[in-house]
Structures are given as C-alpha cells and as structure tokens.
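These numbers were taken from a predicted model, which means no experiment stands behind them. When a ligand or atom number is given, it counts from 1 through the structure's own listing order.
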Amino acid sequence: MNFDEIRALDEADPLADKRLEFDLPKDVIYLDGNSLGALPRTVKSHLSEVVTQQWGNDLIKSWNSHQWIDLPIKVGEKIAPIIGAAPGQVICCDSISVNLFKLLCSALALNSKRKVVLSTEDNFPTDLYMVQGVSDLLGEDLCHLQLVNELDIEQHLTDSVAVLLLTQVNFRTGKSLDMAKLTQLAHDKGILVIWDLAHSAGALPVALDQCEADFAVGCGYKYLNGGPGAPAFLYVATRHQQLVKQPLSGWMGHAKPFAFDPLYQASSNINQFQCGTPSVIAMSGLDVALDVWRNVDMLTIQSKSASLGQVFLRLMQSHQSLDDLTLCSPVDARQRGSQLAFSHNDAYAICQALIEKGVIADFRAPNMIRFGFTPLYTSFEDVWLAVSTLKEVVESKLYQAQRFKVASKVT
Ligand SMILES: Cc1ncc(COP(=O)(O)O)c(C=O)c1O
C-alpha cells in the first residue's frame, strides 16, 4: 500500500469530520482510545460552565435548576441507542466493578436454586474479583465461581449454572464473542447472562434487546470518551426490573429519596440501581461527550474499524522486520472489537519507545502491545504513521535502551 491509497481512504471516510469534534494534541498518533477516549471539544467548555456557573454561582439550586438529579437517567438514555437498548433500561452510575456487584447479587437471587457463576479464565480480572468477593460474602453454597477457557464456554452451559458472566470483547486479544448465540444457548439452560461491554460500547454495534440480554455493564471512559474515571453504566432488561432487588440500597435508588423514610423502598424502575449521590462533574463530562454520537450509525463505525485494522495488518505484513510481533487478535475483523494485539518478548519496551516517538499504544501483561482504533477520530494516516514508527523503533533497536525497561505504575 502506498501513501496515496491511504490518503484516498481518508478522503472517502464518512466519519472524517468527527475528528474535528475532538481536541487531539498535534504530533501525537493516539491509538489508545480503547483505554482512555480522547477529549471531545464540547466537554472542555461544558465542564468549565458546570464548575463556574452551575456549581460556583448557582450552588445547590443546580440539583433542580440544572437537573443534576436527572443526570444518571439522562446519560443512561443517551448510551442506550449505542448498545441497542430501548428506553428505561440503562442508567449511568458508579464503576463497572460496583455495578457488577449489584448485578451479580441480583442475578444470583433470581436464579437462587443454582450457585455457579461461569466465566472465562482471561476475563478482565475485576470481573472475576467481584465474583470472588460475592462468594466470600454469601458463601460458596450460594456463589461459586467456575472458570473455563474462552473456547469451551458452550460445553459448560449446564443446568447447574446460575449466571454466565462474559466480557464481549476480550481486553487483551480483542476477540469478540457471539452475544446472540451465547445468550440464547444460556437461556435454553435457564442461565442468566451478564455482559461486560467495556470494549464493545462505541466500538461495534451491540444489540442487547435483540439478543434478549438480561444484564450488562460498560464503561464511560473508553470509546464513549467521558474522561478519566468517567462513571460507568448498567443495563437491566425491563422484564427483570420488578423481580430484582439490588443489594447496594442507597438513598438514590429509593422510590422517594427526599421523603427521608427510615425504611428502604426500592424504586420500581431502573433508578433502583443507583446507590449514592452521583458524581455530577464527571457525569456532566460524559453527558456532553455522548453528543458526538448523534447521527452516527454503528454500522459505519464497524466498517471503518474493520478497515483501519485491515490496513494496519497489511502495512505490518509488508515489513519483514516486524515478523517477531505475533498477532494475537482474530484476522477476521468480524470476530474482533476495535483493537489489534501483538505479543513480543519486549512488548513493554517497544510500547514505551513508540510513546516517546509520539505513537500512543499500550501494554498488557504478560507480553502484549495493543493498538486501539477509534473510528470517530482515528485516521488512516494515523495507522500509516504508527506502523512506520513501529518499523523504525524495531529496526533501529531503539526499544533496547535501558530507559524503556523500567515499568511504570500504570501500563
Ligand atoms: C473488560 C473490563 N471490565 C472492567 C474494567 C474496569 O472497570 P471499572 O474500573 O469501571 O470498575 C475494565 C477496564 O479496563 C475492562 O477492560
């Protein structure tokens, strides 16, 4: 592939103008939106308004006058179409880990004759840690974690499993699971399914309602660009909402929080899944970040994501010097999210050298370098420059410098 072909791809890109809605630093190729999304321009000005005017000037009146109190529902409703959910089923609150606690307890109580939570060995660790915490709390008789290889999920869907907990897109390899098929197979055995959409929401079309999903959680700070530590979201299918009672019964999930009734009475809708006071400043950032998604078709996102990945792979294959980087993601774009991962003994050092040269990727232990493609703002030229820089770093052996071997706290 030559640079003219790359330029032609950017010129034909229906999402090209979306990049202008982001405040990306010059001279940086950002391929880490799967970890932390870039800054939408409107977030900058809106957060300044929230802090200066809403908080600074209007003070506590803003809970009503600027509808701070409605943000969790409002933001949830903005996320809903991105993940294929009809209104009334998504709320923005807390972190994925906390939301998983609420949903794991709710799902186990719904399926209380069974105790097994089935998940995969290489699921994102916090998902597994949360099951272990629930198990410690309730006891092994009520919650028992069973881990299987990602390839063997189907054969382990048996009558003893209460809950299947899966991350749709594997955080290391980017491999995606078939949500429709696995949800159906699980339901056939009476199993409830919790989907973690951390690497799917905003990366590919998700059809929670169409797949008859039960529960889901997802992240505000990756492809939804809500900012570092942005609040997460959770989804509970309407058919389950009256049947479950989540255990973190804080006042914001009460039917009438400002009645200050000493007895907890859960809200009868998705609002029950809130716990304490929402983080207004962080949620306000996510609120306007989501406006970037207006008029964006998820099929266009999927198609651009596939092309960015295929171009990256073609460019990699054209340089023999990059042969030692072994692809860990599926070659078929339909089987992956919006990232490519490669293993290499010096993956950490290569990643650090790339960052020094202005190409931001990330490293995941034990030996993987990940390149994330965010169709809203990644260009084909970015991909071209990233592979050229990777080639330079590997061929010059720059990455062998001692300074790239010191591991930082966050990788
Ligand atoms: C699949 C997955 N689940 C959960 C998390 C973390 O969620 P939180 O920090 O919101 O609890 C991550 C973070 O990268 C993730 O990739």
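- Proximity to Ser95 (heavy-atom distance under 4.0 Å) selects the following atoms of ligand 1: 10 (O), 11 (O).
- Of the polar atoms of Ile96, at least one N or O is found under 3.5 Å from an N or O of ligand 1, judged by distance alone.
- Ranking protein heavy atoms by distance to atom 3 (N) of ligand 1, first place goes to Asp196 OD2, 2.7 Å.
- No side-chain N or O of Gln246 forms a donor-acceptor pair with one of Ser106 less than 3.5 Å apart.
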Run the side-chain donor-acceptor check on residues 70-87: report pairs under 3.5 Å with partners two or more places apart or on a different chain.
residue : atom : partner : partner atom : Å
Lys74   : NZ   : Asp287  : OD2          : 2.8
Glu77   : OE2  : Gly88   : N            : 2.9
Lys78   : NZ   : Asp287  : O            : 3.0
Lys78   : NZ   : Asp287  : OD1          : 2.6
Lys78   : NZ   : Asp291  : OD1          : 2.8

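- With a heavy-atom cut-off of 4.0 Å, Phe101 does not touch ligand 1 at all.
- Neither the backbone nor the side chain of Asn123 has a heavy atom within less than 4.0 Å of ligand 1.
- For the residue pair Asp209/Tyr235, the side-chain donor-acceptor check at 3.5 Å is satisfied.
- Atom 16 (O) of ligand 1 has as its closest protein heavy atom His199 NE2, 2.8 Å.
- Scanning all protein heavy atoms for the shortest distance to atom 11 (O) of ligand 1 gives Ser97 OG, 2.5 Å.
- Listed for the Tyr264 side chain is a donor-acceptor partner under 3.5 Å among the backbone atoms of Gly253.
- Nearest heavy-atom pair, Gly276 versus Met252, reported as atom, atom and distance to 0.1 Å: O-CG, 3.3 Å.
- For Tyr348 and Phe363, the ring centers are positioned less than 6.0 Å apart.
- The protein heavy atom nearest to atom 9 (O) of ligand 1 is Tyr221 OH, 3.3 Å.
- Close contacts between ligand 1 and Asp127 involve ligand atoms 3 (N), 4 (C) [criterion: under 4.0 Å to a heavy atom].
- Within the 3.5 Å criterion, the main-chain N or O of Val98 finds a donor-acceptor partner in the side chain of Ser95.
- Among all non-hydrogen protein atoms, the one lying nearest atom 14 (O) of ligand 1 is Lys222 NZ, 2.6 Å.
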